[in-house]
Amino acid sequence: WRKILNKREKYEGADWIMHFIGHFKTITRHKILVAKGCFKLGLYYQGIMHDMSKYSPTEFLVGVKYYQGTASPNNAERMEEGISMSWLHHKGRNKHHFEYWIDYSIDKDHPGLVGMKIPKKYMAEMFVDRVSAGKIYNGDEFDQKSPLEYFEHGIGASIMCEASRDYLLNLLRMYAEKGEKYTFAYLKNDLIRSHHFNNVKKILRLDRISCICDLKYYHTYSIICNVNQIRSLGCTITCYFEPTFIYHGTSYNRPDVKP
């Protein structure tokens with residue numbers, strides 16, 4: 001990285017002012033690009049707060065010191081120090097990184113550190129972050145397949161929760177095959193459906209949630225609901241395996257009931 005940095009063989013005497021300006025412009029351009037993408041998805045707060053920790057002294061000063069402009073300075077810090085304190089600080093404060101969701105497994109058959117399921121709104125931010133980073137660092141060489149190729153060559157596929165990994169891969173493949181406009185439209189609609197689903201979950205007070213949206217597990221559960229509240233959300237709930245509906249004191253045991 002020393003030779004890459006300003007095309008010099010030695011870091012001593014490098015222009016810190018230019019590094020400061022260059023790093024600030026790089027992370028700000030990235031932040032603005034992610035914000036635009038999040039705004040398209042209706043994630044306004046996440047778009048505004050995205051990567052704010054990069055402006056903290058712990059991360060920003062490291063970024064200035066190891067600034068390259070074409071790659072993350074965290075890798076350069078690892079090569080020099082053997083560890084990136086900037087990255088450890090960053091991943092612990094930003095939920096759009098899958099590393100934030102690594103925790104100890106409670107499964108005795110599979111002990112150790114494992115990836116936890118990531119909420120969709122952070123999966124959406126993660127997707128936008130990866131696309132935006134590719135545009136910033138690759139410049140004119142960026143194409144629709146770049147984010148997918150980068151993910152497939154990384155370690156995320158082996159560490160992430162299976163459901164979260166499959167969801168991200170689906171978005172990246174869609175982006176590579178059908179383009180940005182189509183993928184963003186799909187993702188926005190999916191986030192809206194998930195938001196409605198969470199509202200329905202609160203209204204229905206489901207004992208066990210399953211077989212709705214993208215969940216792949218099927219169980220029997222009881223539902224106590226107000227049909228008018230469900231209709232006001234514009235949602236249709238379909239239940240399988242003989243669920244029990246209790247509506248105005250009347251019990252229905254038909255699997256095809258659609259309130």
[X] (side chain) donor-acceptor with [Y] (main chain) under 3.5 angstrom:
| X | Y | value |
| --- | --- | --- |
| S132 | D129 | no |
| S164 | I118 | yes |
| S105 | P111 | no |
| H153 | E149 | yes |
| N94 | H90 | yes |
| W101 | K95 | yes |
| N138 | E141 | no |
| T28 | F24 | yes |
| D190 | Y186 | no |
| Q46 | K121 | yes |

In Å, rounded to the nearest 0.5 Å, how long is the span from [atom1] of [X] to [atom2] of [Y]?
| X | Y | atom1 | atom2 | answer |
| --- | --- | --- | --- | --- |
| K31 | D51 | NZ | CG | 7.0 Å |
| C161 | K117 | SG | NZ | 7.0 Å |
| R173 | L168 | CZ | CG | 10.0 Å |
| K145 | E152 | NZ | CD | 11.0 Å |
| S194 | N189 | OG | CG | 10.5 Å |
| L41 | L191 | CG | CG | 6.0 Å |

Exercise for review: Check the angle between the aromatic planes of H50 and H96 and answer parallel, tilted or perpendicular using the 30° and 60° thresholds.
Suggested key: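 If you compare the ring of H50 with that of H96, the planes turn out tilted.
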Exercise for review: Could you tell me how the ring of F60 sits relative to the ring of F20: parallel (under 30°), tilted (30 to 60°) or perpendicular (over 60°)?
Suggested key: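 Ring orientation, 0 to 90° scale: perpendicular.
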Any [X] side-chain heavy atom under 4.5 Å of [Y] side chain:
| X | Y | result |
| --- | --- | --- |
| R78 | I83 | no |
| L113 | D103 | no |
| E77 | M85 | yes |
| Y175 | F127 | yes |
| R29 | I32 | no |
| W16 | V64 | yes |

Point to revise | R93 and E59 ion-paired at < 4.0 Å | key: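 Salt bridge between R93 and E59, a charged N being under 4.0 Å from a carboxylate O: no.
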Taking all heavy atoms of [X] and all of [Y], pick out the closest pair and write down the distance.
| X | Y | value |
| --- | --- | --- |
| S86 | T58 | CB-O, 4.1 Å |
| C38 | G47 | CB-CA, 3.6 Å |
| M123 | M160 | CE-CE, 4.2 Å |
| P73 | Q68 | CA-NE2, 4.3 Å |
| Y66 | E81 | OH-OE2, 3.5 Å |
| K54 | H30 | NZ-CD2, 4.2 Å |

Is there a path from [X] to [Y] through hydrophobic residues (I, L, V, M, F, W, Y) whose side chains come within less than 4.5 Å of each other?
| X | Y | value |
| --- | --- | --- |
| Y150 | V131 | no |
| M126 | L33 | no |
| V62 | Y137 | no |
| I136 | Y67 | no |
| I102 | I106 | no |

Exercise for review: Please go through Y44's hydrophobic cluster and name the other residues, only I, L, V, M, F, W, Y counting, with side-chain heavy atoms under 4.5 Å joining them.
Suggested key: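 Its cluster partners, ordered by chain and number, are F39, Y45, I48, M49, M52.
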Point to revise | Verdict with reasoning, D143 to S146, per side-chain hydrogen bond (donor to acceptor under 3.5 Å, both in side chains) | key: CA-CA 6 Å; D143 60 45; S146 297; 3.2 Å; yes
Practice item. I would like to know whether R130 and E125 meet salt bridge (Lys or Arg N to Asp or Glu O under 4.0 Å); could you show each step before the answer? Key: CA-CA 9 Å; R130 288 175 174 272; E125 187 180 356; over 6 Å; no
Check your understanding: Do the ring centers of H97 and W87 come within less than 6.0 Å of each other?
Key ->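 Distance test on ring centres: under 6.0 Å, yes.
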Exercise for review: Please determine if K40 forms a cation-pi arrangement with F184, meaning its NZ or CZ atom is less than 6.0 Å from the six-membered ring centre and no more than 45° off the ring axis.
Suggested key: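 Yes, K40 sits over the ring of F184.
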Practice item. Walk me through it: do T183 and L172 pass the test side-chain contact (heavy atoms from CB on, under 4.5 Å)? Key: CA-CA 9 Å; T183 307; L172 293 175; over 6 Å; no
